[in-house]
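In what follows, a structure is listed as structure tokens, so that the remarks can point back to it.
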Amino acid sequence: MPALRAVALLLVVLAALGPRPALAGDDDLVIEGLTQDQFRDLSRDLGLAISAFQVAPAESLGMRLTVPHVDAGLEVTALDIDDDRDYWRRAIRDGSPPSFLVVPKLHVNIGLPLGLELGGLYGDVADSNIRLWGGEVKWAVIRGGAVWPAVALRGAHTELAGVDELDLTSTSIDLSASKGLGPVTPYLGIGRVWVEAEPQGAAAEPPAGLGEVRPTDDRLFAGARLRLGLLTVVAEGSWSRVPTYSVRLSLSF
């Protein structure tokens, strides 16, 4: 089945990507030197960076007869961080944070009956110890048609991996709407992100003594999908405390 082949291919790629040797990189995240307020600000930014962005219209992939539609490929998210902020300068090992934190991710989404859709992702930031994985569930409450737009609810959860000093998760809920115009499907939505960050090891002990934080943030997002046969290209902008831009290139069948 095409769906099973796509999932198998993704698992092979994920196995090739990790785990990696524990080598220090210039952009490694280190939180021991932060104050509590700086830790909260960093956790909010990082929680937004690793959160699962929709990067897709509201309509569900659905099924073709008894075969689920599959969308699998590469997604790149760029977080427009304020690299002049003290907490970013102190949290990046070499003291020179990038203007954009670029997070490449592999993703796979599978359409199910009743307008449901399941998705999974894995991300790995180059030259750093930042890795992430997560999943999502989307339900097209209104599937859309010739007149009506599609409307969807989506819940997602991601977890940070690779940073020994930090346990961080990001949970989000989104409401979106989309309407196809030939090969192009624009969409827009609104959502909320809940971040939970708990320091570990030396970061949680004196003299650092950092404590758990749970920041939240609301976001607006808009984007468009271009379908070119089996190939789909999606671009999305998301605006919250930190602007974020995503591009997804995938095969959809």
Side-chain angles (χ1 to χ4, degrees), residues 17-53 75-105 121-134 158-172 191-221 236-247:
L17 285 177
R20 299 176 306 171
L23 301 176
D26 289 341
D27 292 336
D28 274 3
L29 204 63
V30 182
I31 68 170
E32 274 186 60
L34 299 178
T35 67
Q36 185 65 33
D37 288 342
Q38 289 172 336
F39 177 60
R40 179 181 178 84
D41 289 339
L42 178 74
S43 298
R44 181 165 48 187
D45 287 6
L46 193 60
L48 291 170
I50 73 162
S51 64
F53 296 89
E75 177 183 327
V76 178
T77 296
L79 188 78
D80 188 6
I81 66 175
D82 189 344
D83 53 338
D84 289 330
R85 295 284 186 179
D86 287 343
Y87 59 86
W88 273 112
R89 290 188 177 277
R90 297 178 70 174
I92 296 298
R93 183 181 296 278
D94 70 355
S96 299
S99 297
F100 285 87
L101 181 64
V102 179
V103 185
K105 291 170 277 190
L121 62 88
Y122 175 85
D124 194 329
V125 178
D127 200 27
S128 85
N129 55 354
I130 299 173
R131 298 191 293 277
L132 62 120
W133 62 272
T158 55
E159 296 196 7
L160 179 71
V163 183
D164 294 335
E165 299 174 310
L166 179 61
D167 281 347
L168 186 144
T169 64
S170 179
T171 304
S172 57
R192 169 161 287 193
V193 181
W194 292 267
V195 179
E196 293 188 18
E198 183 177 1
Q200 300 293 314
E205 300 169 356
L210 297 176
E212 183 180 6
V213 294
R214 297 188 176 188
T216 63
D217 208 351
D218 296 323
R219 64 185 179 192
L220 297 171
F221 59 92
E236 177 180 299
S238 179
W239 297 274
S240 56
R241 182 175 183 269
V242 183
T244 307
Y245 310 97
S246 300
V247 176

Do [X] and [Y] have side-chain heavy atoms sitting under 4.5 Å apart?
X	Y	value
R44	Y87	no
V213	Q36	yes
L121	F53	no
L166	L46	yes
I50	V103	no

**Prompt:** What residues, two or more places apart in sequence or in another chain, satisfy side-chain contact (heavy atoms from CB on, under 4.5 Å) together with D218?
**Reply:** R192
**Message:** Please enumerate all residues that pass side-chain contact (heavy atoms from CB on, under 4.5 Å) together with A49, with sequence neighbours excluded.
**Reply:** L79, L101
Might you point out which heavy atoms bring [X] and [Y] nearest each other, and give the distance in Å?
X	Y	value
F39	G211	CE2-O, 3.3 Å
G47	L168	CA-CD2, 3.9 Å
L48	V242	CD1-N, 4.3 Å
D83	S99	OD2-OG, 3.5 Å
V195	S43	CG1-O, 3.5 Å

**Request:** Would you mind telling me which of R85, R90, R89 makes a side chain to side chain donor-acceptor pair (under 3.5 Å) with Q38?
**Result:** R90
If I take atom [atom1] from residue [X] and atom [atom2] from residue [Y], how far apart are they, to the nearest 0.5 angstrom?
X	Y	atom1	atom2	value
T35	L42	OG1	CG	10.5 Å
I92	S128	CD1	OG	7.5 Å
R214	T169	CZ	OG1	8.5 Å
Y245	F221	OH	CZ	15.5 Å
S51	L132	OG	CG	9.5 Å
L34	W88	CG	CH2	10.0 Å

**Asked** When you measure from the side chain of D28 to the backbone N and O of N129, does any donor-acceptor pair fall under 3.5 Å?
**Response** yes
**Prompt:** Under 3.5 Å, is there a donor-acceptor pair between the side chain of D217 and the main chain of S240?
**Reply:** no
Could you tell me which residues satisfy salt bridge (charged side-chain N to carboxylate O under 4.0 Å, His left out) with [X], sequence neighbours excluded, listed by chain and number?
X	answer
R40	none
E165	none
D80	none

**Asked** Using a distance-only test with no angle check, is there a side-chain donor-acceptor pair under 3.5 angstrom linking R219 and T244?
**Response** no
Donor-acceptor contacts, no H, no angles, side chain residues 198-210, under 3.5 Å, sequence neighbours left out:
unit_1 : atom_1 : unit_2 : atom_2 : d
Q200   : NE2    : D167   : OD2    : 3.3

